[in-house]
Trainee: 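Next up is a structure, given as structure tokens.
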Amino acid sequence: MFLDERSANLLKLLQHSPISKMKELEAQTGLTRRQIQYGLSKANDWLHFHGYQPIQYNREMGYSFSETIRDEELNVKLTKRNYIFSETDREKVFYLMILLSQEELSVYLFQTVTGLSRNTVLKDLKRLKEKNKDISLKIQYSKQDGYVVIGESRVKRYIIERLVHRVLNSPNSELIMECIWGNHEKQISSIRLQLERIERNLGITFTDERLHELSYLFLCTDQLIEKGEELQADQSWAPFVATEEYKMVEEMTRSNAFQSVWSETENLYATLHLLSMNRTKDISPLKDDEVIQHLLQEIVEEFERLAFVHLKDKEQLCQQLYVHFKPAYHRLRYGLPQLNPMTGRVQKVYPELHHLTKKSLWVLEKEIGCPVSEEEVAYFTIYFGGWLRRQGTTLDDRKRAIVVCPNGIGISNILIYTLRELFPDILFLDVLSVRNAAESPLSYDLVFSTVHMRTKAALFVVPPILEMQDKHKLRQQVMQELYGYTTESVDVSALVKVISKYATIHEQDQLEKALKSNVYTHQKITQFSLKEAEKPVLEELLNLQTIQLQQHVSDWKEGIQVAAKPLVDLGTVEERYVDAMIEAIETNGPYVVITPGVAIPHARPEQGVRSLSMSLLKLDEAVDFAPDKPVRLIIILAAVDNDSHLRALIQLTQLLNEPSNIEEILRTSDKSVLMEYVHKYSKEEAE
């Protein structure tokens, strides 16, 4: 009796999970209730045919076997002779046969292996040919050679790596492996013994799945070499010749476990895969690998900053991450495929944690020069999530928020930095444009936006740069929204009077100012403060060369063009960056007017920024950015990334937070007076 793939999968699932309810089966298989019921019916017929008791159903307990069926028994009964290969299974079998087999492959041979009709086999091969067009490989047939794959050796290796992973992680792996490698069992055992010897010598332990995968991958490599499929050399692999891993691979491939003569290129290929396979143990100390150590520390610190959490025992965390990160680093750097069956579930169950983990990995992306795949992000998410659970910290109980700014990178980052400090109990997920916010798959409770927008979440419209009274007002609004009450306003003058009864006050105005700052902001010094020493101060960006004083301009567009001219002349921005700033305001309105009389135009780095820079134009006559928004100070910001400009921007914010500073700057006609303010706030913040 034949059994289809769906029914066989359900049978195996119940074999390893003796009791399962319908909802659990639906979640694990992705099938509908009707499909599961039909599949179980077919499985029961098959069990009855082979002399087993059928699957039982209990309303409270769910589905279960009435007797124990051992893996060995089920695998003996469930062979390719009584199993109907699915279309997906047939694709794996045919593709691997064509890539690896040395004998002439005909339609008849494919029929013999799968037990299918000639027409079905031809349809499968035609479909496989169509899929290959997208990956620059071509399947062709000739009477002399049969079916063969034409194309670059590296592409073939890539396809084989993915196919091996998919086969070994398939519910029907035993049946497919019987078709492809049924007569290579002794060689597989020998290769596995060699790999276990390497594990002992290197002091590492591969995960069971990866050790299994390496064994079959090296078998495939041996088959390809024997077939005459030579791998093209890659100069980027050359440094691996000096590694301990290479020496052991070379010794391994000379052993009786392999039938072919491996070249240096093939040994390097094997070494790279040895280095890139996930492991559960690695005794090599993290401190010996300075590049990876530095990257891990930066990733962990970035995750702490974005999630606003403190990770305890970070040295131990980095050592655990190192076991996964070292092979992941090689996979990403050399473009090796990595499939993670848990990716979808991680994204679904831990969306916020996954999102913040992905953002924190920009440090790694910058180093390797390419994006980190979703599969790798999911692995890091699991590590961070496990560490947070270990220390009793969860992100689930915090309200989730996004920050919306019409043109992203400059002011928005100082805004989210301020908001994180102001509301440490809120999980800020991301800074988005209005359009991206509308399309975002993230789930959030609060939106902090510099413009009015439609949203089902609680919306708080905020100025791009928050002054003390703004922070106080916003805190009251958020507390009312989240908790249904607000803290009572503190009468600072009355408080000073009480203090004066028991102490001598020398500078009452300064004391009141300090108390207001403390009461309104509730700011804390945390470990998430920016590493300011690594970022330029304000006076390194604003200097006599980038500051201009002018009587007037014809309109706000000319104002931006004039203000940006020093940066264009210096070559720190391209002309198109000026156009991008103007276009952003035309599209989103005068959101760059951050306080009365002051505008900070900016656009995205990729729109023409060559290096971090800033310029300032002071006008004697105001220019209208909108009917109610006259501006006399235009400060151009050109940022290259998310945070290198923040130190200078914070200093500029502090300078502009004092209305008296703006008044004095607008009154002066001397650049040196302006530079005194720039120097003062650069120095004060640095101290």
Side-chain angles (χ1 to χ4, degrees), residues 301-311 351-353 355-357 359-360 384 388 391-405 408-434 436-437 440 442-453 455-490 515-530 591 594 642-643 646 649-650 653-654 657:
E301 288 172 6
E302 184 67 4
F303 178 81
E304 285 185 305
R305 187 180 73 82
L306 292 173
F308 218 87
V309 296
H310 171 59
L311 295 172
E352 298 86 10
L353 181 61
H355 178 75
L356 293 172
T357 301
K359 286 180 69 66
S360 68
F384 281 128
L388 288 171
Q391 67 181 47
T393 305
T394 62
L395 303 183
D396 301 339
D397 55 357
R398 289 161 66 178
K399 292 292 184 181
R400 295 155 297 179
I402 61 169
V403 176
V404 177
C405 181
I409 204 158
I411 303 301
S412 58
N413 277 290
I414 188 64
L415 178 57
I416 195 170
Y417 172 78
T418 304
L419 290 171
R420 280 193 176 117
E421 292 284 334
L422 194 58
F423 302 109
D425 295 331
I426 294 175
L427 185 64
F428 287 90
L429 298 173
D430 212 341
V431 180
L432 303 170
S433 66
V434 177
N436 289 341
S440 173
L442 294 171
S443 174
Y444 44 85
D445 309 295
L446 311 169
V447 177
F448 295 85
S449 175
T450 57
V451 294
H452 285 277
M453 57 178 286
T455 176
K456 293 180 181 179
L459 174 66
F460 300 93
V461 179
V462 297
I465 295 181
L466 294 166
E467 298 182 13
M468 280 187 276
Q469 60 269 28
D470 299 320
K471 295 174 184 176
H472 177 63
K473 181 181 177 182
L474 182 59
R475 177 175 281 278
Q476 300 287 65
Q477 291 173 338
V478 172
M479 289 189 69
Q480 182 66 48
E481 173 67 30
L482 296 183
Y483 310 113
Y485 69 90
T486 60
T487 55
E488 293 184 11
S489 299
V490 176
L515 286 172
K516 284 178 182 178
S517 174
N518 184 270
V519 169
Y520 287 157
T521 62
H522 296 268
Q523 297 286 353
K524 298 177 181 178
I525 298 173
T526 73
Q527 81 248 31
F528 311 108
S529 296
L530 295 169
Y591 67 96
I594 52 102
N642 286 344
D643 65 355
L646 291 184
L649 194 55
I650 289 170
T653 302
Q654 292 168 339
N657 268 343

Trainee: Atom CG in Leu427, atom CZ in Arg400: separation rounded to 0.5 Å?
Mentor: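 Atom-to-atom, Leu427:CG and Arg400:CZ are 8.5 Å apart.
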Trainee: Just how far is it from atom CG of Leu419 to atom CD1 of Ile426, taken to the nearest 0.5 Å?
Mentor: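 Between Leu419 CG and Ile426 CD1, I get 8.0 Å after rounding to 0.5 Å.
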Trainee: Look at the side chain of Arg475 and the backbone N and O of Leu422, then say whether any donor-acceptor pair between them is shorter than 3.5 Å.
Mentor: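 Flag set: sc Arg475 to bb Leu422 pair under 3.5 Å.
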Trainee: Could I get the full list of side chain to side chain contact (heavy atoms under 4.5 Å, CB included) partners for Ser440, not counting sequence neighbours?
Mentor: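 Here the qualifying residues are Leu432, Leu442.
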Trainee: Who passes salt bridge (charged side-chain N to carboxylate O under 4.0 Å, His left out) against Asp470, sequence neighbours left out?
Mentor: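 Counting only residues at least two positions away or on another chain, Asp470 forms no salt bridge (charged side-chain N to carboxylate O under 4.0 Å, His left out).
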Trainee: Nearest 0.5 Å, what's the OG1-CD1 distance between Thr455 and Ile402?
Mentor: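 If we round to the nearest 0.5 Å, Thr455:OG1 and Ile402:CD1 are 6.5 Å apart.
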Trainee: Could you measure the distance from the CZ atom of Arg398 to the CG atom of Leu429? Nearest 0.5 Å is fine.
Mentor: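 Nearest 0.5 Å value for the CZ-CG distance: 9.5 Å.
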Trainee: Which heavy atom of Val447 sits nearest to which heavy atom of Ala457, and what is that distance?
Mentor: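 Closest approach of Val447 to Ala457, heavy atoms only: CG2-CB, 3.9 Å.
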Trainee: Only counting residues at least two apart or in another chain, list the ones meeting side-chain hydrogen bond (donor to acceptor under 3.5 Å, both in side chains) with Asp430.
Mentor: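 Partners of Asp430 by the side-chain hydrogen bond (donor to acceptor under 3.5 Å, both in side chains) criterion, ordered by chain and then number, come out as His355, Lys359.
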Trainee: Excluding sequence neighbours, so at least two apart, what forms ring-ring contact (aromatic ring centres under 6.0 Å, His included) with Phe384?
Mentor: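 Expected list: Phe303.
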Trainee: Can you tell me how far OG of Ser443 sits from CD of Glu352, rounded to the nearest 0.5 angstrom?
Mentor: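 That separation rounds to 6.5 Å.
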Trainee: So, do Leu388 and Leu311 sit near enough that their side-chain heavy atoms are less than 4.5 Å apart?
Mentor: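 Answer yes - side chains close enough.
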Trainee: Considering all heavy atoms of both residues, which atom of Leu459 and which atom of Ser449 are nearest to each other, and what is their separation?
Mentor: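 Between these two residues, the closest heavy atoms are CD1-CB, 3.9 Å.
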Trainee: For the CG atom of Asp445 and the NZ atom of Lys456, what is their distance to the nearest 0.5 Å?
Mentor: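 Result: 14.0 Å between the selected atoms.
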Trainee: For Tyr444, check ring-ring contact (aromatic ring centres under 6.0 Å, His included) against everything at least two apart and list the hits.
Mentor: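 Testing Tyr444 for ring-ring contact (aromatic ring centres under 6.0 Å, His included), a comparison that skips the adjacent residues, returns none.
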Trainee: In the structure I gave you, are the side-chain heavy atoms of Leu482 and Asp425 within less than 4.5 Å of one another anywhere?
Mentor: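 When only atoms from C-beta onward are counted, Asp425 and Leu482 do not touch, as no gap falls below 4.5 Å.
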Trainee: Which of parallel (below 30°), tilted (30 to 60°) and perpendicular (above 60°) describes Phe460 and Phe448?
Mentor: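 It falls in the parallel class, under 30°.
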